[in-house]
Amino acid sequence: MYAWVFGINGKCVYGRSWNEFLELTTTLIETYNLNLKKRLIIYIHNLSYEFQWFRKYFQWYKVFSLEQRKPIYAITKDGIEFRCSYLLSGYNLETLGENLTKYKVEKKVGDLDYNLIRHSLTHLSDKEWGYILNDGLVVMAHIQEEIERLGDITKIPLTKTGYVRNLCREKCLKGDNRFDYVKRIKSLTLSEQTYTQLKQGFMGGFTHANINYVNKVLSNVHSYDFTSSYPAVMLSEKFPMSTPILTQIKSQEDFLFYLKTYCCLFDVKFHNIRSITSFENYISVSRCRDIEHFVVNNGRVIEATELTLTVTEQDFNIISRMYEWDSMKIGNFHRFYKDYLPKEIITTILELYKNKTELKGVTGKEVEYLISKGMINSVYGMCVTDICKNEATYDTQWGEIKADVKALIDKYNNDRQRFLFYAWGVWVTAYSRRNLFTGILEFKNDYIYSDTDSLKVFNADKHLDYINRYNKRITEKIETCLKYYDLPLNSARPKTIKGKEKPLGVWDDEGVYSRFKTLGAKRYMTERNGEIEITIAGVSKKAGVEYLKYKHKTNDKIFEAFTEDLYFPPHYDNDGKDENGSGKLCHTYIDDLYEGEIIDYTGNKWKYREESAVHLENTEYSLSLDFMFKQLLNNVKDSAMI
């Protein structure tokens, strides 16, 4: 501890030690007569970090956390409630400051060198104090804007997803048709077995690369993105609208009929399954059970003598187009009657998409635009919130209580405030993968890379008929849903401030990269108009590019260096400034008391005592490829040479 800032009603208080902070909290408790029924909410940006430092200084009434060491809020027995403003906003402090609309405060960047050793007696310059002050002002300004927008502090949800959850709950459970809605939701129940099977069948977005183009510098690569992929399928497709029905498959005809007519979820065991495509593989080895004698392509199954997995009818249809097998066995087959999502959900999505599109760049509507942009991306997320998670606990140490699945499923089924059905989320991603694979199967050898709702491809002009057909088809499907609910057909294609229509769900041309190179999923580099960008899971986009420019100078050499041997150091000297090559920090949690004497960077001594702490350290990052993937790449390379 060497400095803290506390803001209340626009005023800031500074401090240098934990004792001073505890003195402040004691004053607040006494002045406002705080207790468990009259609490003072204090927002902290990244509560999980700060909580580790001060958790032993307070007696806790309740700590609510999604997982260990990640508290959402923490209430003391004296009536102080710490909440996490990072989980509320979803933004780091710099971006949070940029998005302020009324109380303009920018986070200072670079005015405090975190690499210097400091303590409570270390001199802090006006510039350094300004940095510390602004961190507090940004958070305080954001919360004040939310209080004024929503009416009072009790209306602020705990997390970012809470905004759209509250909006949808209001529309679904308090609208004119609320009794019909509640009755319908009450009929959508799950058993332990079907919940477990839905969990096994749930998959996220598909992210992978065509192995034939891995580790090659490619030119003139076209990029296409779906416009709001998940919201689009929530409007265009039909979803489970019944309790799952266990069904016996008596014939091939029955099987195909059910796949065409219902939302289906089932286990399938394949014998001697093998890929029939050279450009992509669909089945994820991590989703397989009882898999034997298999070959994988960077986590995707090429062939196996045997494997079992849980799939929806959408997954099975994709597998049927990409694999062949000697035999298969179907079991645990459940079918759901299907229909469009409730009108209340549909109209909420349309409203958010309309605001996101029409208000972008409109003076005076910055708040509404940012809210809609954040919410439209959270609509899907609330559908797949896990029903039966283990409960993280905190008393004086972190612990975990194993989920009582039966009790939680019963609670879920009987929850009078429930307005969602977990199965919906499983099919949102299934339909979205199906849509993505229409593109992959169309482009074939012109397909290079995919990521959830986007494709990187060659020869886009050759496939424009597919793009146009797809866009026409998705538009027609959405309009069919709108007609079903007697909604305006143009509500899914709002116009921008410049009068350009932005139809929901279509392939959107994102332009051409002069150069593109991928090393596999979530590892690629692009160049457009001379500017290089990287996407590497585990490396900061900004810091990573800055290091590559420092190290390799020219774009040609940067692309040459983008191989499995690429290394980002924890430190490098850039004109006398210590920089982090990867832009990432390694967290080490220290739970024991540490005390002793420390000398700061100016030579001043201090006797320190920290009850618990977090050690942050610049960390390196090395690109490396899985051994089996490297072997496969070598085989592809040898085959190409032949």
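Side chains included, hydrogens not; waters and symmetry mates left out as well; all remaining heavy atoms used.
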**Asked** Around atom CD of E510, are there more than 12 heavy atoms of other residues, nucleotides or ligands at under 6.0 Å?
**Response** yes
**Request:** Indicate yes or no for a side-chain donor-acceptor contact from D404 to the backbone of A407 under 3.5 Å, with no hydrogens or angles considered.
**Result:** yes
**Prompt:** Looking at E192 and K406, does any basic side-chain N land under 4.0 Å from a carboxylate oxygen?
**Reply:** no
**Message:** Can you classify the ring geometry of Y449 versus F516 as parallel (below 30°), tilted (30 to 60°) or perpendicular (above 60°)?
**Reply:** tilted
**Prompt:** Between Y282 and F437, does the ring centroid distance fall short of 6.0 Å?
**Reply:** yes
**Asked** Would you call K389 and E400 a salt bridge, taking side-chain N to carboxylate O under 4.0 Å as the test?
**Response** no
**Prompt:** Is the closest basic N to carboxylate O distance between K269 and D290 below 4.0 Å?
**Reply:** no
**Request:** Carefully, step by step, assess Y224 and H222 under the rule ring pair (Phe, Tyr, Trp, His ring centres under 6.0 Å).
**Result:** CA-CA 7 Å; Y224 281 102; H222 223 101; 5.2 Å; yes
**Prompt:** Are F336 and Y262 close enough, and set up right, to give a ring pair (Phe, Tyr, Trp, His ring centres under 6.0 Å), and what steps lead you there?
**Reply:** CA-CA 6 Å; F336 302 76; Y262 298 90; 9.7 Å; no
**Message:** If you apply the rule salt bridge (charged side-chain N to carboxylate O under 4.0 Å, His left out), what do you find for K171 with E351, and how did you get there?
**Reply:** CA-CA 12 Å; K171 288 182 176 292; E351 177 186 330; 3.2 Å; yes
**Prompt:** Looking only at side chains, do S491 and K354 share a donor and an acceptor under 3.5 Å apart?
**Reply:** no
**Asked** Would R434 and D315 pass as an ion pair if we require N to O under 4.0 Å?
**Response** no
**Request:** Before giving the answer on side-chain hydrogen bond (donor to acceptor under 3.5 Å, both in side chains), spell out for S65 and K70 the whole-Å C-alpha distance, their side-chain angles and the decisive distance to 0.1 Å.
**Result:** CA-CA 6 Å; S65 183; K70 297 288 180 67; over 6 Å; no
**Test: D267 and K329 ion pair at under 4.0 Å** = no
**Request:** Spell out, as yes or no, whether a donor-acceptor pair under 3.5 Å connects the side chain of S275 to the backbone of N281.
**Result:** no
**Test item: side-chain donor near acceptor, E280 and Y447, under 3.5 Å** = yes
**Asked** When you look at K238 and C263, which way does the side-chain contact (heavy atoms from CB on, under 4.5 Å) test go after all the steps?
**Response** CA-CA 8 Å; K238 294 185 177 181; C263 287; 5.9 Å; no
**Request:** Give a yes or no answer on whether the side chain of T261 reaches the backbone of Y258 with a donor-acceptor pair at less than 3.5 Å.
**Result:** no
**Request:** Looking only at non-hydrogen atoms, find the nearest pair between L420 and M382 and report the distance.
**Result:** CD1-O, 3.4 Å
**Message:** Checking T385 against R165: is there a side-chain donor and acceptor pair closer than 3.5 Å?
**Reply:** yes
**Request:** Decide whether Y323 and S320 meet the rule of one side-chain donor and one side-chain acceptor closer than 3.5 Å.
**Result:** no
**Request:** Without swapping roles, check the side chain of S242 against the backbone of Y337 for a donor-acceptor pair under 3.5 Å.
**Result:** yes
**Asked** Is the shortest distance from a Lys or Arg side-chain nitrogen in D451 or K522 to a carboxylate oxygen in the other one below 4.0 Å?
**Response** yes
**Whether F443 and H463 hold their rings parallel, tilted or perpendicular, with breakpoints at 30° and 60°** = tilted
**Prompt:** So, for S450 and L455, which heavy atoms are closest and what is the spacing to 0.1 Å?
**Reply:** CB-CD2, 3.6 Å
**Asked** Hey, does M375 have a side-chain heavy atom less than 4.5 Å from the side chain of L167?
**Response** yes
**Message:** Looking at R493 and E479, is there a salt bridge between them, counting it only when a charged N and a carboxylate O are closer than 4.0 Å?
**Reply:** yes
**Prompt:** If you draw the axis of the six-membered ring of Y91, does the NZ or CZ of K160 fall within 45° of it and under 6.0 Å from the ring centre?
**Reply:** yes
**Prompt:** Is R418 positioned over the aromatic face of Y412, cation under 6.0 angstrom from the ring centre and no more than 45 degrees off axis?
**Reply:** yes
**Asked** Can you list the steps and then say if F458 with Y213 is a ring pair (Phe, Tyr, Trp, His ring centres under 6.0 Å)?
**Response** CA-CA 11 Å; F458 283 135; Y213 298 125; 5.3 Å; yes
**Minimal non-hydrogen separation, M234 against I346, with atom names** = O-CD1, 3.4 Å
**Request:** Would you indicate whether the side-chain heavy atoms of H334 and T194 approach each other to under 4.5 Å?
**Result:** yes
**Request:** Indicate yes or no for a side-chain donor-acceptor contact from Q197 to the backbone of N332 under 3.5 Å, with no hydrogens or angles considered.
**Result:** yes
**Prompt:** Could you walk me through whether D386 and Y195 pass the side-chain hydrogen bond (donor to acceptor under 3.5 Å, both in side chains) check?
**Reply:** CA-CA 10 Å; D386 197 352; Y195 164 74; 2.4 Å; yes
**Item:** Step-by-step side-chain contact (heavy atoms from CB on, under 4.5 Å) determination, L158 to L87
**Value:** CA-CA 7 Å; L158 294 175; L87 292 177; over 6 Å; no
**Message:** So which atom in S454 and which in L436 form the shortest heavy-atom distance, rounded to 0.1 Å?
**Reply:** O-CD1, 3.7 Å
**Request:** Can you label the angle between the Y470 ring and the Y466 ring as parallel, tilted or perpendicular, going by 30° and 60°?
**Result:** tilted
**Prompt:** So, for I409 and S191, which heavy atoms are closest and what is the spacing to 0.1 Å?
**Reply:** CG2-C, 4.3 Å
**Ion pair check, R274 and D326, cut-off under 4.0 Å** = yes
**K472 side chain to R469 backbone, donor-acceptor under 3.5 Å** = no
**Prompt:** Got a second to check how far C264's SG is from F255's CZ, nearest 0.5 Å?
**Reply:** 8.0 Å
**Prompt:** Below 4.0 angstrom, N of the basic side chain to O of the carboxylate: do D339 and R184 qualify?
**Reply:** yes
**Prompt:** Is there a donor in the side chain of W427 and an acceptor in the side chain of E313, or the other way round, less than 3.5 Å apart?
**Reply:** yes
**Message:** Just so I know, are the side chains of F419 and V182 near enough to count as touching, which here means a heavy-atom distance under 4.5 Å?
**Reply:** no
**pair V512-V221: side-chain heavy atoms closer than 4.5 Å** = no
**Request:** Would you kindly say whether Y524 and K456 are connected by a side-chain donor-acceptor distance under 3.5 Å?
**Result:** no
**Request:** Mark yes or no for whether T247, through its side chain, and I245, through its backbone, hold a donor-acceptor pair below 3.5 Å.
**Result:** yes
**Request:** Please confirm whether the backbone N or O of D410 pairs with a side-chain atom of N414, one donor and one acceptor, at under 3.5 Å?
**Result:** yes
**Asked** With distance as the sole criterion, is a donor-acceptor pair present between the side chains of T310 and R287 under 3.5 Å?
**Response** no
**Item:** Heavy atoms from other residues, nucleotides or ligands near NZ of K477 exceed 12 (cutoff 6.0 Å)
**Value:** yes
**Asked** Will you find, in the side chains of R289 and T308, an N or O donor that is under 3.5 Å from an N or O acceptor?
**Response** no
**Prompt:** Does the side chain of N390 come under 3.5 Å of the side chain of E67 through a donor N or O and an acceptor N or O?
**Reply:** no
**Message:** Is it the case that the side chain of D254 and the backbone of I249 share a donor-acceptor pair, with hydrogens and angles ignored and the cut-off at 3.5 Å?
**Reply:** no
**Request:** Flag yes if more than 12 heavy atoms outside R321 fall under 6.0 Å of its CZ atom; otherwise flag no.
**Result:** no
**Prompt:** Which heavy atom of L489 sits nearest a heavy atom of L482, and at what distance?
**Reply:** O-CD1, 3.7 Å
**Item:** Short side-chain to backbone donor-acceptor contact, R433 and M203, under 3.5 Å
**Value:** yes
**Request:** Classify the side-chain pair T159/T161 by whether it contains a donor and acceptor separated by less than 3.5 Å.
**Result:** no
**Message:** Run N435 and F226 through side-chain contact (heavy atoms from CB on, under 4.5 Å) and show every step you take.
**Reply:** CA-CA 9 Å; N435 290 349; F226 284 128; 3.8 Å; yes
